[in-house]
Amino acid sequence: MSDLSEDDAAEAFEAARDERMPMLLLDRVVRRYRQGADALEVLSGASMALHAGEVVALVAPSGTGKSTLLHVAGLLERPDGGEVYLDGEPTSSLSDDARTALRRNEVGFVYQFHHLLPEFSALENVALPQLIRGLPAPQARERASELLSYLGLGHRLSHRPAELSGGEQQRVAIARAVANAPRLLFADEPTGNLDPVTSAHVFNTLTRLARASGLAAVVATHNLDLAGTLDRRITLRDGQIVDL
Ligand SMILES: Nc1ncnc2c1ncn2[C@@H]1O[C@H](COP(=O)(O)OP(=O)(O)OP(=O)(O)O)[C@@H](O)[C@H]1O
């Protein structure tokens, strides 16, 4: 007879189940945009699984739906069909408020343009999402300082966005995206505005941070060399996700 009690066995079963369960699962997701009488179907049954710790490149031609996919996966947009599961839980039936709370706590976004607040310093920009979440100011500032130092910006804490280079601005935006310790990170052409050398530096910084944090990330990029450094590459073909 086993020494395992029923409770232990149930716990072990749950742990094993969680280990296999993707953090994010897209199941036959459909997304259409309506334009007058016409409907443009951008995602037509897109499916993918993303596990904790995976950093995936999304490489696809312009206009094929990369941003749309990241917005649906990141709970910014609702799909018109299919389901987005987070930790095995369906998200489509959640209220807008519940989705916003989930997104604020679990998801970080980085865009091609940094979208930093111009009147705030680098430190304040990174502290802000934590303050909004209710963290006391000294702790928020301390984490912001640690993150920025980790990203090589310890000497730029009090600079405003206009006083930073393009690569520095993007690194601040990356720090801000992970300030609340999200479990999912979506980056939409995060190096699209940068020169090749800065681009590689920012991209590598982003992936190093993602790996160190153990979060799962999808990075949309047109740069095949940079995409080649990630764990996996996916693309969009006829509205579906396929491995590259
Ligand atoms: N809000 C919208 N209303 C109508 N059509 C839209 C909307 N958003 C996107 N589209 C269309 O959906 C298609 C996919 O757009 P999306 O921005 O997802 O592509 P993308 O692959 O990210 O492109 P890029 O690489 O140029 O940024 C495009 O044809 C676009 O014109």
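Counting starts at 1 for both ligands and their atoms, following the listed order. Only a predicted model underlies this, so the values are computations on that prediction, with no experimental measurement involved.
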Notebook entry, point to check: For atom 12 (O) of ligand 1, which candidate among Val42, Thr64, Thr221, Leu58 provides the closest heavy atom?
Noted result: Val42

Item checked: Leu40 neighbourhood, listing ligand 1 atoms whose heavy-atom distance to it stays under 4.0 Å -> 11 (C), 12 (O), 29 (O)

Notebook entry, point to check: Val29 and Leu69: same hydrophobic cluster, using ILVMFWY side-chain contacts below 4.5 Å?
Noted result: yes

Item checked: Any non-hydrogen protein atom less than 4.0 Å away from atom 22 (O) of ligand 1 -> yes

Checklist line | Cation-pi, Tyr150 ring and Arg208 (6.0 angstrom, 45 degrees) | finding: yes

Checklist line | Any side-chain heavy-atom pair of Leu230 and Thr221 under 4.5 Å | finding: no

Margin query: For atom 27 (O) of ligand 1, what is the closest protein heavy atom, and at what distance to 0.1 Å?
Written below: Ser67 OG, 4.1 Å

Next item on the list: Give the numbers and elements of all ligand 1 atoms closer than 4.0 Å to a heavy atom of Gly65.
Entry: 14 (C), 16 (P), 18 (O), 19 (O), 20 (P), 21 (O)

Notebook entry, point to check: When you look at Arg232 and Asp243, which way does the salt bridge (charged side-chain N to carboxylate O under 4.0 Å, His left out) test go after all the steps?
Noted result: CA-CA 8 Å; Arg232 193 152 65 86; Asp243 285 327; 3.6 Å; yes

Checklist line | Within reach of ligand 1, part of Gln35 (heavy-atom separation under 4.0 Å) | finding: side chain

Checklist line | Is_contact(atom 6 (C) of ligand 1), protein non-hydrogen, under 4.0 Å | finding: yes

Next item on the list: Name the closest protein heavy atom to atom 9 (C) of ligand 1, giving the residue it belongs to and the distance to 0.1 Å.
Entry: Tyr33 CE1, 3.4 Å

Next item on the list: Walk me through it: do Asp38 and Arg32 pass the test salt bridge (charged side-chain N to carboxylate O under 4.0 Å, His left out)?
Entry: CA-CA 10 Å; Asp38 298 331; Arg32 298 183 197 94; over 6 Å; no

Next item on the list: May I ask you to check whether Thr100 and Asp97 show a side-chain donor-acceptor distance below 3.5 Å?
Entry: no

Checklist line | Top protein contact for atom 14 (C) of ligand 1, by heavy-atom distance | finding: Gly63 O, 3.4 Å

Next item on the list: Indicate yes or no: does an N/O atom of Lys66 lie under 3.5 Å from an N/O atom of ligand 1?
Entry: yes

Check: Which of the atoms of ligand 1 are close to His222, meaning less than 4.0 Å from one of its heavy atoms?
Finding: 25 (O)

Next item on the list: Check whether Leu86 and Met48 end up in the same hydrophobic cluster, where Ile, Leu, Val, Met, Phe, Trp and Tyr are linked by side-chain heavy atoms less than 4.5 Å apart.
Entry: yes

Check: Against heavy atoms of Thr68, which atoms of ligand 1 measure under 4.0 Å?
Finding: 15 (O), 16 (P), 18 (O)

Item checked: Atoms in ligand 1 with a heavy atom of Pro61 nearer than 4.0 Å -> 21 (O)

Note to self: Any heavy-atom pair between the side chains of Arg31 and Glu41 that's under 4.5 Å?
What the structure shows: no

Item checked: Polar contact flag for Glu189 and ligand 1 (N/O pairs, less than 3.5 Å) -> no

Next item on the list: Note the single closest protein heavy atom to atom 26 (O) of ligand 1, along with its residue, its atom name and the distance in Å.
Entry: Ser62 OG, 2.5 Å

Checklist line | Phe203: which of Asp225, Val219, Thr198 passes side-chain contact (heavy atoms from CB on, under 4.5 Å) | finding: Val219

Item checked: Exercise: identify the closest heavy-atom pair between Pro79 and Val84 -> CG-CG2, 4.4 Å

